[in-house]
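Naming: A, B, ... by sequence-line order, numbering from 1 per chain.
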Protein chains: 2
Amino acid sequence: MIGPMTSAAATRTSEQTWTIAQVAEEFGVTHRTVRHYEDLGLISPERRGTQRVYRRRDRTRLGLILRGKRLGFPLEEIRTIIDLFDAPRGRRTQLEYVLGQIDERRADLDQRLKDVQDAIAELGEFERRCREDLDRLA
Amino acid sequence: MIGPMTSAAATRTSEQTWTIAQVAEEFGVTHRTVRHYEDLGLISPERRGTQRVYRRRDRTRLGLILRGKRLGFPLEEIRTIIDLFDAPRGRRTQLEYVLGQIDERRADLDQRLKDVQDAIAELGEFERRCREDLDRLA
DNA sequence: CTTGACGTTGACGTAAACGTAAAGCATGAT
DNA sequence: ATCATGCTTTACGTTTACGTCAACGTCAAG
C-alpha cells in the first residue's frame, strides 16, 4: 500500500497516521534508528495492536531530533530539550523553571551560531585567497 | 615551571612553544584527547627528543578541531577540512579542487546555520508563549 | 642519588548511536 | 491454506571518541 494509512472507512476525521517505514523513508533514516529513538524515549508512537502508529506529533519530534543531531547535540540532551516543549506549564514555579531552561538552551545555541558564522567567515576568507592565487596563475 | 617554554638562552627569536599539559589546559581538554587527535592525524607536533612540542600552528588546528566538534562534525571529516587549509595550491587543478571542496563545506555550514537560526527562532517563540502564560497567572 | 612531577607508549574499557542478523507474528493476496 | 511482505522483539556487533590504568622514561630539585 502506498500513501498514508487511512484505515478505509474508519477514522477519516481523526489524525493522519504513518507506518514506521513511511516516516523512516521520509526523514532519510532506517527503521532501526527510529526505534532506537523510541527506546531512548524521544518519541512514543501509539500501537494499533502490535504495530507502531506515527502521528504528526511524532514526525514533528523526529524533525527536532534530527536537527539537534545535525547541531551536534547528544540524543539524551535532545530528549530533555524537546520534552521541555511538552512540559506542564500550569504552575508559576514550573513556568519559571522552563524559562530558566530556555535561557540555558539559548546560550548553547548562541555559541553554535557564533561557531558557524566564524567558520563560514574563515571559509570565505580562504576562498578569497585561493581565487587570488588562481588569478596570479593566469 | 609556569608559562611557555623558552629554553633559557636558546631560541628566543624562534617560535613560542607549549607542552601538552599547557595546550590541554588552555583548551579545556585532557592530554589523552590531544594525543587522540594526533593519532588520527589532526595535529602533528614536533618532538624535542621524546616529548611533544606544540607551536602556534598546532594550537590553531586544535581550535579548529574543537569548533568542528561543537558543530557536530566527526573527527575524520574535520581532518579533511583542516587539511584543506594546508593543502598545496601550486597548480591550477589543485586550486580548482580546493575551491570545489570549499563549496561543499559551505553548503554543509549553510545547513548548520539554518538549523541554528531555526532553533533559536523556535526557542524565542516558545519563550514568548511561556511569558504569556506567566502573565495570565499574575 | 633518589624522589616527584611530568611525559611517553601500549592496551584494554566504555558510552553513544546505531548496524545487522535471527526468528517470530500478522495480514492481505493468490 | 499458504505464501510473501512488512512489522516486531531480542540480542550481539561495530564505529567513534575518548577514559583509564599500567609500566616505563627523564629531568630538575632536594
Within this structure, what is the CD1-to-C1' distance between A:Ile78 and C:dA16, rounded to whole angstrom? 12 Å
Of the options C:dG7, D:dT9, D:dC7, whose atoms approach the side-chain atoms of B:Ile20 most closely? C:dG7
Closest approach to the side chain of A:Thr30, judged atom by atom: which nucleotide of D:dC18, D:dC7, C:dG19 is it? C:dG19
Given 3.5 Å as the limit, does a donor-acceptor pair link the side chain of B:Arg79 with the main chain of B:Leu40, or not? yes
With nearest nucleotides of DNA chain C determined for A:Thr50 and A:Leu40 from heavy-atom distances, which residue corresponds to the more 5′ nucleotide? A:Leu40
In whole Å, I'd like the distance from the CD atom of B:Glu38 to the C1' atom of C:dT9. 12 Å
Given 3.5 Å as the limit, does a donor-acceptor pair link the side chain of B:Arg112 with the main chain of A:Arg70, or not? yes
Output the rounded distance in Å from CG (B:Leu42) to C1' (D:dA17). 12 Å
What's the closest nucleotide to the side chain of A:His36 if the choices are C:dG19, D:dA17, C:dA17? C:dA17
Nearest to side-chain heavy atoms of A:Thr33, which nucleotide of D:dA17, D:dT9, C:dC18: C:dC18
Taking B:Asp58 for the side chain and B:Arg55 for the main chain, is one N or O donor matched with an acceptor at less than 3.5 Å? yes
Taking the minimum atom-to-atom distance to the side chain of B:Tyr37, which one of C:dT8, D:dC18, D:dT10 wins? D:dC18
Calculate the interatomic distance between A:Phe73 atom CZ and C:dA16 atom P; express it in whole Å. 17 Å
Output the rounded distance in Å from CD1 (A:Ile65) to P (C:dA17). 11 Å
Answer yes or no: are there more than 12 heavy-atom neighbours, outside A:Arg129 itself, under 6.0 Å from its atom CZ? yes
Closest to the 5' end of DNA chain D, once A:His31 and B:Glu76 are matched to their nearest nucleotides, is A:His31
Is the backbone of B:Tyr54 close enough, under 3.5 Å, to the side chain of B:Arg59 for a donor and an acceptor to pair up by distance? no
Below 4.0 Å: OP1/OP2 of D:dG6 and any side-chain N or O of A:Thr19: no
For A:Gln94 and A:Arg91, indicate whether the former's side chain and the latter's backbone hold a donor-acceptor pair under 3.5 Å. yes
Hey, is the side chain of B:Lys69 poking within less than 4.0 Å of OP1 or OP2 on D:dT16, counting only N and O atoms? no
So which nucleotide from D:dA17, D:dC7, C:dG7 ends up closest to the side chain of B:Gln51? C:dG7
I want to confirm an ordering. Mapping A:Tyr54 and A:Arg32 to their closest nucleotides on DNA chain D, which one lands closer to the 5' end? A:Tyr54
Closest nucleotide among C:dT9, C:dT8, D:dT8 to the A:Arg35 side chain: D:dT8
Distance check needed: C:dT8 C1' versus B:Asp39 CG, whole Å only. 12 Å
Taking CD from A:Gln22 and C1' from D:dC7, how many angstroms apart are they, rounded to a whole number? 12 Å
Any idea which of C:dC18, D:dT8, C:dT9 is nearest the B:Arg47 side chain? C:dT9
Think B:Arg52 has a side-chain N or O under 4.0 angstrom from the OP1 or OP2 of C:dG7? no
